[in-house]
Amino acid sequence: MSFLGRSGAPSGSVNPERVEMAMQELDMVTDVFNRLVSSCHAKCISPRYAEGDLSKGESVCIDRCVSKFFEVNKKVGEKLQSMGAGQSGTQSAFGSL
Amino acid sequence: MSFLGRSGAPSGSVNPERVEMAMQELDMVTDVFNRLVSSCHAKCISPRYAEGDLSKGESVCIDRCVSKFFEVNKKVGEKLQSMGAGQSGTQSAFGSL
Amino acid sequence: MSFLGRSGAPSGSVNPERVEMAMQELDMVTDVFNRLVSSCHAKCISPRYAEGDLSKGESVCIDRCVSKFFEVNKKVGEKLQSMGAGQSGTQSAFGSL
Amino acid sequence: MDFSQMNAAEQAHMSKVIEKKQMQDFLRMYSNLVERCFNACCNDFTSKALSSKEEQCVMNCTDKFLKHSERVGARFAEQNADAMNSTAGK
Amino acid sequence: MDFSQMNAAEQAHMSKVIEKKQMQDFLRMYSNLVERCFNACCNDFTSKALSSKEEQCVMNCTDKFLKHSERVGARFAEQNADAMNSTAGK
Amino acid sequence: MDFSQMNAAEQAHMSKVIEKKQMQDFLRMYSNLVERCFNACCNDFTSKALSSKEEQCVMNCTDKFLKHSERVGARFAEQNADAMNSTAGK
């Protein structure tokens with residue numbers, strides 16, 4: 001999640017801007033984690049719920065699912081960076097503001 | 001999105017109430033936009049992803065989809081206003097508070 | 001929703017901690033209510049929309065659906081408490097922080 | 001929810017918070033309703049105008065969803081009150 | 001949205017708020033995109049590495065979603081402007 | 001996430017924020033779990049009481065979801081640490 005590449009800033013009292021950025025990063029990590037849990041649950045967990053333990057197959061699937069999700073996260077991040085995104089898509093909603 | 005019909009209020013220093021209302025309206029516009037993107041993606045974009053460009057058919061579908069979504073937004077807004085909503089439905093959750 | 005079992009704390013001026021907790025509980029009730037509306041809509045309401053009134057069958061289904069949802073809420077809450085949850089699952093996302 | 005453990009200042013503060021939250025909840029319910037009824041009723045994109053059939057569907061969908069929410073809300077309040085009483089009884 | 005009813009101090013405040021919101025919206029769009037393209041493109045978990053076919057799918061999915069959002073945004077802005085004008089005309 | 005660039009005051013502030021966030025995340029996980037297991041396990045509305053079969057399903061669903069989250073969390077932490085190290089190495 002080092003996609004945002006914040007530059008280090010040193011010492012002193014509470015800098016609201018720095019705290020704000022850390023909180024945004026924290027929110028993002030939580031958001032990504034929740035989506036990851038949900039996606040891998042849909043991909044790997046049998047919806048019959050005949051027992052409460054993860055089967056061997058489910059466990060292996062989860063491990064691979066997390067790996068692939070991280071790879072996808074990286075690819076999408078690189079793609080967005082290469083496009084200088086943060087500019088297009090999102091802002092267009094505010095074109096009329 | 002002029003559904004809320006806020007009355008104009010003039011001049012001076014920062015009025016927290018007015019800023020709050022503008023922020024609520026901004027949140028709402030963003031929320032509607034995100035739902036619009038998601039709905040029209042589901043309606044118009046083929047999930048095969050054989051190429052990265054929008055096809056002619058997809059592009060036309062998006063334009064019509066946005067139009068229809070706005071019409072639905074308008075119809076639902078009129079319906080809610082005619083019912084004097086904001087009163088019923090939502091508040092019932094708080095009946096026991 | 002008394003799952004959180006907050007202990008009563010008395011008198012004085014605004015205690016930010018107590019207000020904060022009440023707000024969290026309020027957010028949770030709203031969140032649960034919205035999920036309940038959405039789940040029971042999916043379970044009980046026919047998606048044909050040939051008329052605007054609830055049919056007799058739909059109404060009965062809604063009543064039972066809410067009952068069952070509350071029972072599930074209770075069972076899950078008991079299960080989480082018996083596991084001393086709030087510790088595991090959620091925090092693991094923050095293992096690397 | 002039980003606010004009786006709060007003092008007057010805190011209760012007043014909570015009322016304002018709840019009022020603001022109700023506005024936000026209403027706005028979310030509104031856009032949720034638009035999304036839900038659009039998705040259920042609009043499946044033909046050979047035209048950009050809403051057909052009368054689609055419009056009727058949207059009106060019924062809106063109507064029904066509000067009645068549904070109201071009924072769920074009424075049952076929810078009852079169940080919540082029951083849960084409260086059985087807790088208070090202990 | 002019409003900010004002309006606001007004074008300069010309020011407009012400056014709103015600009016900051018909007019800027020912060022755009023950052024948050026961008027981050028949400030990013031994780032939404034990852035989830036969406038992962039779900040659409042990855043269905044084989046016999047290996048932990050992304051296949052070249054899956055990777056191509058993810059790239060196309062990302063590309064297409066951004067173009068889709070941009071187009072929706074453009075139409076949205078037009079419709080919003082129309083709605084604004086017809087309201088202002090009354 | 002790397003908080004080492006923060007000073008002590010900022011780190012203390014972040015700890016409080018994270019603690020509050022964990023409570024919120026727990027509550028969201030709880031209601032998400034209820035919704036998920038209700039949707040997966042309850043499909044018969046000819047009765048208002050949970051059948052023993054439905055109850056067993058809900059218990060297994062809860063159990064399994066928590067174990068799933070824990071495993072995803074463990075892998076997530078490893079991958080995050082790897083990503084951190086490869087960035088730090090540059």
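Chain naming here is simple, since letters A, B, ... match the order of the sequence lines and numbering starts at 1 in each. Worth knowing before you read on, the calculation uses all heavy atoms, side chains too, and leaves out hydrogens, waters and symmetry mates.
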Contacts of type side-chain contact (heavy atoms from CB on, under 4.5 Å), residue E:Q11, not counting sequence neighbours
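If we apply the side-chain contact (heavy atoms from CB on, under 4.5 Å) test to E:Q11, skipping adjacent residues, the hits are E:M6.
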Please rank [options] by heavy-atom pairs under 4.5 Å with chain A and give me the top one.
options	answer
E:N43, E:N32, E:L33	E:N32
E:S47, E:C41, E:C42	E:S47
E:D63, E:L50, E:V58	E:L50

Looking at every non-hydrogen atom in both residues, tell me the closest pair between A:C65 and E:F45 and how far apart they are.
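The pair with the smallest heavy-atom distance is CA-CE2, 3.7 Å.
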Determine whether E:D44 and E:S51 satisfy the following criterion, side chain to side chain contact (heavy atoms under 4.5 Å, CB included), listing intermediate values before the conclusion.
CA-CA 9 Å; E:D44 168 29; E:S51 72; over 6 Å; no
If you measure SG to SG, does E:C57 sit under 2.5 Å from E:C37?
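No disulfide here.
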Who pairs with E:K48 by salt bridge (charged side-chain N to carboxylate O under 4.0 Å, His left out), at least two apart in sequence or on another chain?
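Counting only residues at least two positions away or on another chain, E:K48 forms no salt bridge (charged side-chain N to carboxylate O under 4.0 Å, His left out).
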Can a donor-acceptor pair be found between the side chains of E:E35 and E:N39 at a distance below 3.5 Å?
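There is no such pair (donor and acceptor under 3.5 Å, judged by atom type) between the side chains of E:E35 and E:N39.
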Tell me whether the rings of E:H68 and E:F65 are parallel (<30°), tilted (30 to 60°) or perpendicular (>60°).
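Plane angle between 30° and 60°, so tilted.
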Engaged part of E:K20 at the chain A interface, taking heavy atoms whose separation is under 4.5 Å
both
Please output the residues of residues 35-48 of chain A in contact with chain E, using a heavy-atom cutoff of under 4.5 Å, in numerical order.
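Listed by number, the contacting residues are A:R35, A:S39, A:K43.
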Pairwise salt bridge (charged side-chain N to carboxylate O under 4.0 Å, His left out) hits with a residue in residues 58-73 of chain A, at least two apart:
A:E58-F:K64, A:D63-F:R71, A:D63-F:R75, A:K68-E:E54
